[in-house]
Each structure stands twice: as C-alpha cells, then as structure tokens.
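Here is the structure we will look at.
A note on names: the letters A, B, ... follow the listed sequences, proteins ahead of strands, and every chain is numbered from 1.
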Amino acid sequence: MNTNTINLQAGPMEDTLTKGLNQHQLEAVSLNWGSSLVLAGAGSGKTTVLTKRAVYLLSTLKQAPESILAVTFTNKAAGEMRERVESLVGPQIARRLMIGTFHSICARLLRQEIHRYKSKEGLTWKTNFVIYDETDSMSLVKNTVQKLNLDEKVFAPREMRYAISALKNDGLTAAQFTSEARTYRDGKLSEIFNHYQAGLARNNALDFDDLILIFNDLLDQDPDLRSELQERFRHVLVDEFQDTNQSQYKLIRSLCREEPKDITDEELTKLWHERSLMVVGDVDQSIYSWRKADFRIILGFQKDYRQTRLIKLEDNYRSTASILEVANSIIQNNTERIEKTLRCNRGQGAKIKVYAGMDEIDEAYFVVEELKRLQARGINLSDTAILYRTNAQSRSMEEVLVRNHTPYLMIGGTRFYDRAEIKDVIAYLKLIYNGSDGQSFLRTINTPKRGLGKSSLDHLVEYAEKNNISLLHAAVLANKIPALSARAAKSFADFALLIERLQDLATHKSVSELLELLLSQSGYTRKLEEEASAAKDETAYGRLENLRELITVAQEFESLADEPNLESFLTRISLVSDLDAVKHGEDAVRLMTLHSSKGLEFKNVFLVGLEEGLFPHVRSINSHSPAALEEERRLMYVGVTRAEERLYITYSRKRASFMTGNFGSTNYTIPSRFLSEIKPDLLTGLESQPATPSFEPQTQNRYSSQPQQSRFGQTQPSTPAQAKPRVLGRYTPPPESPNHSTQSEPSFERFKLGDQVMHTKFGMGKVTQVIGEGEKELYNIEFQSSGKRLMDPKFAKLIKVN
DNA sequence: GAGCATTGATTTTTT
DNA sequence: ATCAATGCTC
C-alpha cells in the first residue's frame, strides 16, 4: 500500500462521510474527477461539503494529502476546516493538506520560490522578504509621489495606492499596465506604479496584492515550477468563490491548467484524469467588489471549464422561515443574480423585531435590554451578534454595553496590530529580519527619540541612494557621510549597532525573548515608562500593556507553531486578522461589521443602523451606480442570513455622524430602503409600546443631551406609506433600571460622591466632589493614573462602573 | 531637533 | 470630532 493514501475500511468511513447529507450535498462530496461548480445558498452546509469532499478525495479516491489545496476566505475558516478534516482522518494526514487563504498560501510558496523570480524590469526579491501592510505601502507610495515631483493634490497618495492595488487585483503587473496606459493620468500612474514597485524590491518587501500577483508572474515565466505545482496540486477546492478577483482566479487556472479551446470531450476527460477543481460560492453573497472581487467570474466558470458539473444547494438548515422570507424579499430586488430559492428546513419562527431609537444611544439601550431578556431566558451571549455597516458604529454600542456590564467581544475594528506601539515594535522585528527594509528603518530610527531629525535623515537617505545601499547599511557607514554632524553620525552608528546586536540575538533566541530584549535595549519601554510616570501621557500605561500582550501572543505562537521562528511569526501577524483570533465559547456578545460576519452564524442577530446613508452607505448612493447599491443589498442579505432563530433590526431617528456630510453634528435620519423591501407582515414593532405608536416625542430622551424634536414625519422620503415600517414608540427600559426618567432629570448621567467612574482617556477614577447642581453639576474626579480633574459630565465621556 | 500650537483634511467594507 | 501635517519657538 502506498503511504500517501489512507486505507480506511470503506464501510465506516463511507458512512461517516455520507451521514446526514442530502442528495445534492452527497453528489458534490462524491464527485469523481473534473471540475465542478457548487452554488451554495446561505446556510446550505457548504463548509460541510468542502470538508467531506477533501476527506472523500483522501479516503475513497485514494489521493495523496499533499495533492489537495483548499482555499478559504479567512485564516480562521482554514483552521476550522483543518480541524474538521483532522477529526475524520487524524492529525498525521490532516497536516499534510495545504489549507489557507490565497494570501497565506502564496506567502508560503513564495518563501520557497521567490529566488527564482525576476520581474520584466529586472526586480528581484530575497527569501527573507517582508510583507507590507497598508500603512507601509501607503508611505512608500507617498515617498514615490514626492520623489517624482508630482503634486500630492493631483496625485493623492491614497488614491494612487488604491489605483495600484486595483490594478494588481485585476492581475496587471507594472510592466503590463505601462504598455496599456493611454491617458496622461494613466501614464503618470504607471510611472508611480513602476517606482513604487522598485521601492518595494529595494526594501525587499511585497505588498498584500503582490503575494498573489508576483506568484502568478513567477508561474508565467517559470514553466518548470508551474508544471511542478500542477503535478502536486491535483485537487483544488475554493470556498467563497464569488469573492475571488481576477488575480486569484488566474492563479487557480494556472494551477489547474487551462483547457485548450478546441479539444474533444474525450481529450478533456483525459486532461482531468485524477484531477479535480471544485469552486463553491453564492453570487448573492458577493460583498468585496471594492477589493476587485468579481462575481461574474462565477457566472463564466462553466465557459472556462466546459465539463463542469453544476450542483445547487438550496436547502437551508440554518434559519427560521421568517428569517429566510426576509432575506428572500430583500435579495429579490437585485437584478444581477442567479435565480435561486432557499428552501427552509425549520419552523416558521418569530417575526423580526424592528426598533427605532431616538438616537444611537437609545438604539444601543434597546439592544442591551433585549440582550438581558434573552439571557433571562437562558440564552447565551456568545450565541448573539451585533452587526453594523461601519466600524465607527461600535462606539455607542460599546459605551452602553460597558455601562450595563454586558461582556462583549469586538472583532476587527481598530485592530490590535494597527496600534502605534505594536507597529513600532513590529517594525523593529521586520528590520531585524530584513535589514533592507527602509520603511521599517524610518519608523524605528527615531522611535524612541535619538536626536535625529529631518535634515540628518535626508543626508542619510541621499547617501544610501547614491551608493545604492540600504538605509541600515548607510547608518553603519554614517561616519563616512560628511554632511552629518558628529552627534548625528554617532547616533546612526549606535542604532546600526543595536540592530546588529539584535540580529545576532535573533539567531539563537525565541521570538518572545527577542521582543523583551529589543524593548529594553532600544529604550522603547523606558520611554513609555517615563511618559507614564511623568503623567504626560495617560495612555502610556495602556500601551505598555499592549506590548506585554504582544509578548504573550509571541509565547503562544512559540508553543503552537510548527516552526516558531521570527520568519513565520512575521508572516503570520502580517496576514492574520483579528477575526481569525475569535475565541470560542466565551460568554460575550460579538460585535463586528457585516463584512466580518461573512461565513459565521448566530442564534440571535441584531442588525443596527438601518438608515439611508449609513446602510446603504452614502458612497453607494452617491455613486448612482446600481451595481454599488446591489452590493449593499447583498450585504444586507448576508447580515439577515447570519441569524438562526431571532433577528432584530434597529435604526435611530437621529445620529451624531461625521459621515453624512457635516462633521460632528447630529442629523435626522431616514430609515433604510432595505426595511421597506421587507414584507410588512414579517415585521413587528415592540409590544411593550402598544399605546403610543406615534412618532411624536413623549418626554425628553434621557439618553441624549438635547431635547428631542422628532421630525421623523417630515423627513420621510417621498416613497409610499409602505416605506414606513409600522413601528414604534420609544423604547422604555424596565423600571429596575437605575435612573428612571423624569421631566427634571438632567441630560447626562448623574454621579454621587464616591462613585467609581471610567473615562475613555484617563481610565478609572472616583468622584471626590460634586459642585453645583442639576444641569450645571460638575464633578471633581480623582483618577488613578493622573490625579484630580474637574469634569463637566455634559462633555466628558464618563461611565459609571459600580 | 524637540515640543507645542495651529491648520487642514477627513466620510466603508479588509486579505 | 479627530487626527495628521505644518509652522513657530526655544
């Protein structure tokens, strides 16, 4: 028997594989060779199908584990798939499959193969390349625009970076775009693109998009490598195929070999012998077109692969009929789609509750009170998600959750790895790993301050460019740069010595030890401690904590990773998002954007902020492009179909926003058009308010700082009456709530002497004095971190914690 | 060169 | 409202 196959008893394994599958799922799992397209509606069990398909290839079709390549949308999904495969075939086999996102798979393969690559312009990379995130690549684009003497107003670096990214996602290299550029602007853009790319090579860095693009380009120019990989990956599985872009699709086609146009069916069958390609997706859930994902690829798939087996999974096992009807009634309004009807396999379920808050705080209170009621009925917070369109919306939600001691887990948002101190330290690590990285050099050279300013740096950069050496190398040779002052030269040389010392340590210390050493030897910790103790910066404590956290992350990594070295640590943190780190089981409600919720499911879902301009977002409305609006609608569809049992939809009648045109001001809102697309009899307002279905204010809203003036009626769009959901008085929390509303209640939360309070910036504190009364009340608060401060509760963001 | 004050730009989703 | 970039002073 071949060691590359597993020979399980046909009977039991077959049973395990087929158990619980419906006819269509079974068909997909047990396909033989060739290409297949699985159109899988939300909740139709596509993850199960993919997993079992992989195991079927291993066990029944006796394929080698190494021959299977499975592409998922997130690293978390990859981890889960590997776990599920492992539970069926054991760790020895499971670890030999290649499972990951496009980016992580390409990064892994490039680590081994990039030495073979040379671009058309002759650019090359070394094995120890680093991966640039958005910030790194943004600052490189900016440098490039400046160096080319272009007007930053006309060629805004932000836009240029975005344009380059879009080109790369469409599969165009700098050379290819240059030959296509016709207009003046495109000409300049190609100039920037070329210089930017050269800059990346000089820094021995790749951006996100390069991981796939460069790998494709390498496969194009190296037929040997291509055949090698085609031989190896005989079975390719792709999840979330509707969100694949041209560059990614090209990679798939390279690995699976193109089908020659005029080839007989017989030859085609031969071509696919002991090979397979299965793509799984749902056009209605395509939500990444802004990243150049193109769901038309899925529509054209059968043309590219002629003998494709088409399988539709239309049985939904996730949601109640009510939820599915809502989803279907919304998505029906899209024109660009494949007709598909989800069949429900569960009961009718409850109607969808809709709530209109006075403002975003009131809206959040409704959610929190509803959460408490769910908890009282024995429902876990961890089975519940609050989904929103933009990250900024998490703020008001968090505030109210904290006040009510409701544990929550925020996913995405300001990501841990985006924090300044974390990026600083990672820049050190990148520079230690790859001394050519100029962006990391520039980030670390004066952090903490080493007395090196702009002019000294300009001299160093000039010297490095003239001699075609890295900035770090130039720093080593600083005493040979005449323009530098003796002090500056010494400072550069010292820094170079520091990095050299750390590079040496990196060869025999673990990543976490290296982190500790670099933090102390660079003076970074000392700087933060000084800032913290001098009370100049109250956030310094928090930043020190974040750095401890990073060391913990490194220690965890060391205990879990196959190869716990600096290289894999850096690759990992470059590609792993917060979403991938979501812990299971923790009893906390999950907060995330609709985009982050893709692929997840929850018993209870709150969709918040259903307002015109927010969801659908202004950008998609202002673009006047039906396609953009349809994508927002798909996003709504994704949100609705995350829910298994209960779905809530909320919005606020007014919202403090800096999105809808005027910054920092409060605007009255119009309910989202998506609400009016739902059949009214699927919705219900709150039963606790049957007596006052009026939109007129009842009392002053105690959660907002201004008297309520509902102009809801006037701001209604000129759409017919059915556009108005039949809701909804103001939400009145249960009476046990601490500060029940009265007419004379001030417009802020009142505190008493001795109350423990929390401030977003100063942290924990205690009320030591109350000055004045009523509307004019002021508090003297002693903060643990920064001593006493007088605060006006009308403005300070204070939250009572006891 | 560092620290502070002012000015200007900002407006989605993320591997 | 908030932050980054710029300008001014020591």
Side-chain angles (χ1 to χ4, degrees), chain A residues 71-78 100-107 131-135 138-139 142 152-153 156-158 162 165 168-169 207-212 240 243-245 247-248 286-293 387-393 395 411-415 417-418 420 446 448-457 485 487-488 491 536-537 571-580 592-599 609 613-623 628 631-632 634-636 638-639 656-667 760-761 795 797:
Chain A
V71 185
T72 58
F73 198 73
T74 64
N75 290 292
K76 180 171 174 253
T101 62
F102 277 107
H103 291 87
S104 66
I105 287 166
C106 288
I131 299 165
Y132 273 5
D133 65 15
E134 225 163 300
T135 322
M138 179 70 180
S139 81
K142 201 168 174 189
E152 282 187 54
K153 295 267 158 54
R158 225 181 114 88
Y162 182 78
S165 173
K168 288 181 171 180
N169 284 326
D207 65 22
F208 269 132
D209 311 315
D210 278 338
L211 293 173
I212 296 152
E240 307 284 8
D243 278 321
T244 299
N245 63 38
S247 179
Q248 293 164 337
S286 169
I287 54 174
Y288 281 90
S289 72
W290 47 275
R291 234 165 63 182
K292 293 260 115 183
L387 308 180
Y388 36 79
R389 178 65 179 84
T390 67
N391 281 305
Q393 289 169 260
R395 281 256 190 118
I411 293 142
T414 321
R415 297 222 280 281
Y417 297 111
D418 284 344
N446 216 21
K449 300 264 182 295
R450 294 186 174 87
L452 296 163
K454 189 166 186 324
S455 59
S456 301
L457 267 174
S485 69
R487 260 189 65 169
S491 210
K536 273 189 297 186
D537 186 352
T571 306
R572 198 186 153 79
I573 59 181
S574 306
L575 298 177
V576 166
S577 66
D578 272 11
L579 186 61
D580 301 321
M592 70 191 87
T593 62
L594 286 152
H595 281 90
S596 294
S597 77
K598 172 164 143 163
L614 191 56
F615 190 26
H617 197 269
V618 249
R619 287 264 180 150
S620 65
I621 298 174
N622 289 347
S623 70
E631 175 141 321
E632 294 282 308
R634 289 193 292 270
L635 197 51
M636 177 71 186
V638 167
S657 87
F658 46 97
M659 293 167 190
T660 42
N662 20 6
F663 297 92
S665 68
T666 297
N667 300 319
T760 44
K761 192 155 169 194
F795 303 110
K797 288 166 187 152

Can you tell me which nucleotide in C:dT2, B:dT15, B:dT12 comes closest to the side chain of A:Arg395? C:dT2
Quick one: does A:Gln248's side chain have a donor or acceptor within less than 3.5 Å of a partner on A:Asn245's backbone? yes
Output yes when a side-chain donor or acceptor of A:His595 lies under 3.5 Å from a complementary backbone atom of A:Ile287, and no otherwise. yes
Would you mind reading off the distance between A:Tyr417 atom OH and B:dT15 atom C1', rounded to a whole angstrom? 15 Å
On the nucleotide B:dT15, are OP1 or OP2 found under 4.0 Å from the side-chain N or O atoms that A:Asn245 carries? no
5'-most contact on DNA chain B (nearest-nucleotide basis), A:Leu635 vs A:Ser455, goes to A:Ser455
Checking B:dT12, B:dA2, B:dT14 against the side chain of A:Arg619 (C-beta onward), the nearest is B:dT12
Would you kindly give the NZ-to-C1' distance between A:Lys454 and C:dC8, to the nearest whole Å? 17 Å
Are A:Trp290 and the base of B:dT12 stacked, counting only ring centres nearer than 5.5 Å and planes tilted under 30°? no
Are A:Asn622 and B:dT11 close enough that a side-chain N or O sits under 4.0 Å from OP1 or OP2? no
Residue-phosphate contact under 4.0 Å: A:Thr74 side-chain N/O, B:dT15 OP1/OP2: no
Tell me whether A:Arg450 contacts the main-chain N or O of A:Ser491 through its side chain, where contact means a donor paired with an acceptor under 3.5 Å. no
May I ask you to verify if any side-chain N or O of A:Ser104 is less than 4.0 angstrom from the OP1 or OP2 atom of B:dT15? no
Does A:Asn391 place a side-chain N or O at less than 4.0 Å from the phosphate oxygens OP1/OP2 of B:dT12? no
How would you label the contact of A:Lys142 with the nucleic acid (heavy atoms, under 4.0 Å): base, sugar-phosphate, or nothing? sugar-phosphate
From the options B:dA9, B:dT14, B:dT11, select the nucleotide whose nearest atom is closest to the side chain of A:Ser596. B:dT14
Within less than 4.0 Å of OP1 or OP2 of B:dT11, is there a side-chain N or O belonging to A:Thr390? no
Rounded interatomic separation in angstrom, taking NZ from A:Lys449 and C1' from B:dC4: 13 Å
For a quick check of understanding: with a heavy-atom distance under 4.0 Å over all strands, which category does A:Phe102 fall into, base, sugar-phosphate or nothing? nothing
Set of residues satisfying salt bridge (Lys or Arg N to Asp or Glu O under 4.0 Å) with respect to A:Asp209, sequence neighbours excluded: none
Testing B:dA2, B:dG1, B:dT13 for proximity to the side chain of A:Ser456, the answer is B:dG1
With sequence neighbours left out, what residues match A:Lys142 under side-chain contact (heavy atoms from CB on, under 4.5 Å)? A:Gln146, A:Glu152, A:Pro157
Identify whether any heavy atom of A:Arg158 sits under 4.0 Å from a base atom; if not, whether one sits that close to sugar-phosphate; answer base, sugar-phosphate or nothing. sugar-phosphate
Hey, is A:Phe73 stacking on B:dT15? Ring centres under 5.5 Å, planes under 30°. no
Taking atom P of B:dT12 as reference, at what distance in whole Å does atom CZ of A:Arg389 sit? 9 Å
Rounded to the Å, how far apart are A:His617 NE2 and B:dT14 P? 12 Å
Using modelled atom types only, decide if a donor and an acceptor are shared between the side chain of A:Asn446 and the backbone of A:Leu452 within a distance under 3.5 Å. yes
Write down the distance between NZ (A:Lys153) and C1' (B:dA9), rounded to a whole number of angstrom. 10 Å
Taking only side-chain N and O atoms of A:Ser620, does any of them lie within less than 4.0 angstrom of OP1 or OP2 on B:dT12? no
So what does A:Asn446 hit on the nucleic acid, given a heavy-atom distance under 4.0 Å: a base, only sugar-phosphate, or nothing? sugar-phosphate
To the nearest angstrom, how far is A:Lys598 atom NZ from B:dT14 atom P? 12 Å
Just the rounded figure in Å: distance from C1' of B:dA2 to CZ of A:Arg487. 11 Å
